[in-house]
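Structure first, commentary second.
Order of the sequence lines fixes the chain letters, A, B, ..., with proteins taken first and strands second; residue numbering starts at 1 for each chain.
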There are 2 protein chains.
Amino acid sequence: MDTVDRLIESTRELLWERGYVGTSPKAIQQRAGAGQGSMYHHFTGKPELALAAIDRSARELCSAADAELAAPGSAVERVTAYLRRERDVLRGCPIGRLTQDPEIMADPMLREPVTQTFDWMRRRLARVLTEGRDRGEFDASLNADATASTIVAVLQGGYVLARAAGSAEPFDEAVTGVLGLLAGHVVPDENS
Amino acid sequence: MDTVDRLIESTRELLWERGYVGTSPKAIQQRAGAGQGSMYHHFTGKPELALAAIDRSARELCSAADAELAAPGSAVERVTAYLRRERDVLRGCPIGRLTQDPEIMADPMLREPVTQTFDWMRRRLARVLTEGRDRGEFDASLNADATASTIVAVLQGGYVLARAAGSAEPFDEAVTGVLGLLAGHVVPDENS
DNA sequence: GTCTATAGTAAGATAGAC
DNA sequence: GTCTATCTTACTATAGAC
């Protein structure tokens, strides 16, 4: 991993742990094992470095979700796999946490990948649910768009509850709850 | 409102807008219209002031929720009233946002009211759902504890989605989604 | 109680040598 | 490309006068 990569990775970790406001150039340099001159040679400053880090996290997040949601299986199976995927719950979501950062939200450049990520995620899940309903897996009363937003919200809120509790338990419980609610709209398989 | 109150209120607003890391004593003083000497006369420093502010927000949040959840009506009606209550969605949750703050989470004193608030909220909602189920409003398959956690998570996650989108729309949609899912477990009223 | 002065540390960068 | 000064401003207080 070269210096540029180490700087981006360090920034990614620090944004995740401490947010933009709580992350200093000095902390980034120390974690990357790079000097000030090195950092300012490759990047114009903290915002540009943060943008590179956020972009990378956003891409990773979407591609990981897509791997789960594009897999074979029923809609419920895929949504369950996505929700139950092993996660470092107490770390929270590297993109979601940025929505709490006033300087990220105030800068259109930094904010854009955050907006895009959740837009994409809601649409991607809505597509899975719509397909499932079209195939007769769900009853017709299921609102695919709204339910997709609910599922993404449960994940993001689950992180909040877990961090507040200092335990992954509320996250798992919230996921259990939404899957239980969703089960009420699943049409029993005639082949089972 | 005396100086102490103005200091606490200013801290509350700033913690809400910018978090603990992003809030400086100077900013608090300016918003409160108080000098440095005044602030340090009444409080030992930023942590003590933050604790007073967080405690006040936590109390307000719980008492506002209780007003909704202890009202007359069916369980679904009360949960709906709670979820649909008018909110300044884009501001987010004054307590939930603190879970993203590393210095809040690292300090047991500051963290405790955050932990307590969500504990209380989950239990309070679980009680409403359990009562509803016991009265036959829900079918027996409803998991009251898990669903309570889901509902709190939808709120917290809804704030995240709304802030990311710069619009209250995803919040409202996530709420619509969870209420739609919950409706699948409601037993039709024989008197209607 | 409130004000001003002082002070050490960190943030966020720029300049210029190597 | 990287390193070491240097610089300005902000953070988070403490001290002592009024």
Side-chain angles (χ1 to χ4, degrees), chain A residues 1-56 97-98 100-111, chain B residues 1-56 97-98 100-111:
Chain A
M1 203 159 53
D2 66 0
T3 302
V4 169
D5 258 320
R6 286 204 318 279
L7 283 166
I8 294 176
E9 280 306 307
S10 301
T11 305
R12 234 150 65 93
E13 292 172 12
L14 283 164
L15 286 181
W16 200 344
E17 294 165 18
R18 306 191 41 84
Y20 186 80
V21 170
T23 296
S24 68
K26 192 177 178 183
I28 294 170
Q29 294 149 25
Q30 286 177 339
R31 190 171 292 212
Q36 294 209 356
S38 187
M39 178 188 133
Y40 283 105
H41 173 75
H42 293 291
F43 296 93
T44 58
K46 181 171 148 177
E48 195 181 74
L49 195 38
L51 181 57
I54 295 170
D55 268 337
R56 191 177 283 188
R97 81 105 59 225
L98 301 177
Q100 303 298 330
D101 217 303
E103 310 208 355
I104 298 276
M105 292 296 103
D107 182 336
M109 289 290 181
L110 296 178
R111 180 186 183 146
Chain B
M1 202 159 53
D2 65 359
T3 302
V4 170
D5 258 322
R6 287 203 317 280
L7 283 166
I8 294 177
E9 280 306 306
S10 301
T11 305
R12 235 150 66 91
E13 292 172 15
L14 283 164
L15 286 181
W16 200 345
E17 294 165 18
R18 306 191 41 84
Y20 186 81
V21 169
T23 296
S24 68
K26 192 178 178 180
I28 294 170
Q29 295 149 23
Q30 285 176 339
R31 189 170 295 211
Q36 294 209 356
S38 187
M39 176 188 134
Y40 283 105
H41 173 73
H42 294 292
F43 297 93
T44 58
K46 182 172 149 176
E48 196 182 73
L49 195 38
L51 180 57
I54 295 170
D55 269 337
R56 190 177 284 189
R97 80 104 62 222
L98 301 177
Q100 303 299 329
D101 217 303
E103 310 209 354
I104 298 276
M105 291 295 103
D107 183 335
M109 289 291 182
L110 296 177
R111 181 185 183 147

Query raised in the report: Are any of K26(A)'s side-chain N or O atoms less than 4.0 Å away from OP1 or OP2 of dA11(C)?
Result: no

Query raised in the report: Which heavy atom in T11(B) sits nearest to a heavy atom in L49(B), and how many Å separate them?
Result: OG1-CG, 3.2 Å

Report summary line: L7(B) CG to dA13(D) P, in whole Å, measures 14 Å

Query raised in the report: What are the two closest heavy atoms between T23(B) and L14(B), and how far apart are they?
Result: OG1-O, 3.2 Å

Query raised in the report: Relative to the 5' end of DNA chain C, which residue comes earlier, A27(A) or G35(B), by the nucleotide with the nearest heavy atom?
Result: G35(B)

Query raised in the report: Which heavy-atom pair separates M39(A) from G45(A) by the least distance, and what is that distance?
Result: CE-C, 4.3 Å

Query raised in the report: Can you tell me how far C1' of dT8(D) sits from CD of Q36(A), to the nearest Å?
Result: 14 Å

Report task. Give the rounded distance in Å between these two atoms: CD of E48(A) and P of dA13(C). Result -> 11 Å

Query raised in the report: Distance check: side-chain N/O of H41(A) vs OP1/OP2 of dC3(D), anything under 4.0 Å?
Result: no

Query raised in the report: Which nucleotide, dT14(D), dT2(D), dG1(C), lies nearest any side-chain atom of H42(A)?
Result: dT2(D)

Report task. In plain terms, say whether R56(A) and E9(A) are close enough for a salt bridge, that is, a side-chain N and a carboxylate O under 4.0 Å apart. Result -> yes

**Report entry** Whole angstrom value for the distance that separates C1' of dA10(D) from NZ of K46(A)
**Finding:** 13 Å

Query raised in the report: Roughly, in whole Å, what's the span from CD in E103(B) to C1' in dC11(D)?
Result: 12 Å

Query raised in the report: Do any side-chain nitrogens or oxygens of T3(A) fall under 4.0 Å of OP1 or OP2 in dT2(D)?
Result: yes

Query raised in the report: F43(A) has an atom CZ; how far is it from atom C1' of dG1(D), in whole Å?
Result: 13 Å

Report summary line: note: Y40(B), atom OH; dA13(D), atom C1'; distance rounded to Å ~ 5 Å

Report task. Look at the side-chain N and O atoms of S38(B) and state whether any lies under 4.0 Å from the OP1 or OP2 oxygen of dG1(C). Result -> no

Query raised in the report: What do the steps show when you test R31(B) against E17(B) for salt bridge (charged side-chain N to carboxylate O under 4.0 Å, His left out), and what is the final call?
Result: CA-CA 13 Å; R31(B) 189 170 295 211; E17(B) 294 165 18; 3.1 Å; yes

Report summary line: Between CD of Q30(A) and C1' of dT2(D) the distance, given in whole Å, is 16 Å

